[in-house]
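Just so it is clear, the structure is predicted and the values come from calculations on it, not from any experiment.
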Amino acid sequence: MTSLYKIPGYILVLMGAFFLSWGGLLIREWEGDDVWQILFWRSFFFNFTLILFLYLIYKQEAFSIIKKSGFPGALGGLAMAIGFTAYVFAMSETTVANVLFIISTQTIWLALFGYLFLKEKISFKTFLSIGLAMLGILVMIGGSLSTGSLLGNLIALFIPINFAFLILLIRKYSNLDLVPALFYGGLIIMFFSFFMTETIVVSKHNLIVGFLLGSFQHAFGFVCIVIGARSTPAVVVGLLMLVETLLGPFWVWVFLSEIPPISVFIGGGIILLAVILKTLEQKYSKDP
């Protein structure tokens, strides 16, 4: 596990985006329509993998690190729990492409929240990026009215919004460790979904899918991103994370022949353009 810290940051971020991109396909492979079962087993294996990782890295200090994060860590965990829950529900209601293109707007939401809550300035190019992203979302939502996926698109909006809120917490509390926030998020979901589902007993197939979702896709993905982001400029992380947006729809197209409507590609293209414009502005300008 410690060898992860020796891998270049940008490679780790790419690995993280690769792991996360399998989420839509794995959720599609779940047998049955009880979303709370998916959330329980995904969170169970996620927490198990995360605790194992923390123990291998920090040994006996693993739980003390979680405890030291305090209220900010718990609040960040709540934000992540909402985002994680929205991810699974959105994937169950709309296409993988819809969800991932909407998630890619997190850079735009971060700029907007920074302006509203941290009084950070927004340049004209940022306003342009925000306008383009909102236009892309409207195109996707409008096109989904005929496919019955409007609810899924609206739920998906909670994912980038809660992620942006989490980043604001990290910036406000500089001592906040994102790993404990991940742990709290998984714990909240596991506890809540236990009482929401009729039974946690699942088939062997679903247990394997839950393991892959929690360990391979979720835990490995976020651990790689957390470690890799420490040595990778934020602007580069933003661009590299677009790999998830591009690969996610590709997996379900190859393995499940899920082809979203043309409005998704049009709206998604507009969103990607908005994110790239904002990212390039951060690279070449000192303005937020």
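At distances below 3.5 Å, not a single donor-acceptor pair connects side-chain atoms of Glu244 with backbone N or O atoms of Leu100. A distance-only check finds no donor-acceptor pair linking the side chain of Thr94 to the backbone of Ala90 [under 3.5 Å]. A donor-acceptor contact shorter than 3.5 Å is absent between the side chain of Arg42 and the backbone of Ile27. Distance alone, capped at 3.5 Å, is enough to place a donor-acceptor pair between the Gln217 side chain and the Leu20 backbone. Of the possible polar contacts, none joining the Trp30 side chain to the Gly210 backbone as a donor-acceptor pair under 3.5 Å is found. In this structure a side-chain-to-backbone donor-acceptor pair under 3.5 Å is missing from Thr197 to Ser193. Using a distance-only test at 3.5 Å, with no hydrogens or angles considered, a donor-acceptor pair links the side chain of Ser203 to the main chain of Asn206.
Shortest non-hydrogen contact noted between Met80 and Leu182 is CE-CD2, 3.2 Å. Scanning all heavy atoms of the two residues, the minimum distance from Ile189 to Ser43 falls at CG2-OG, 3.1 Å.
Annotation for Phe18: atom CZ counts as buried by contact number, over 12 foreign heavy atoms lying within 6.0 Å. Within a 6.0 Å sphere centred on CH2 of Trp251, heavy atoms belonging to other residues, nucleotides or ligands number more than 12.
Ring geometry for Phe46 versus His218: interplanar angle of 30 to 60°, hence tilted. Between Phe250 and Trp253, the ring planes lie tilted relative to each other; the angle falls in the 30° to 60° range.
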Review point. Where do Trp109 and Thr105 land on the side-chain hydrogen bond (donor to acceptor under 3.5 Å, both in side chains) test, with the steps shown first?
Key: CA-CA 6 Å; Trp109 288 106; Thr105 64; 3.1 Å; yes

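Ile38 and Val201 are assigned to two separate hydrophobic clusters, defined by single-linkage of ILVMFWY side chains at heavy-atom distances under 4.5 Å.
In this structure, Phe211 has its ring center no closer than 6.0 Å to that of Phe48. Taking the centre of each ring, Trp36 and Phe89 come in below the 6.0 Å mark.
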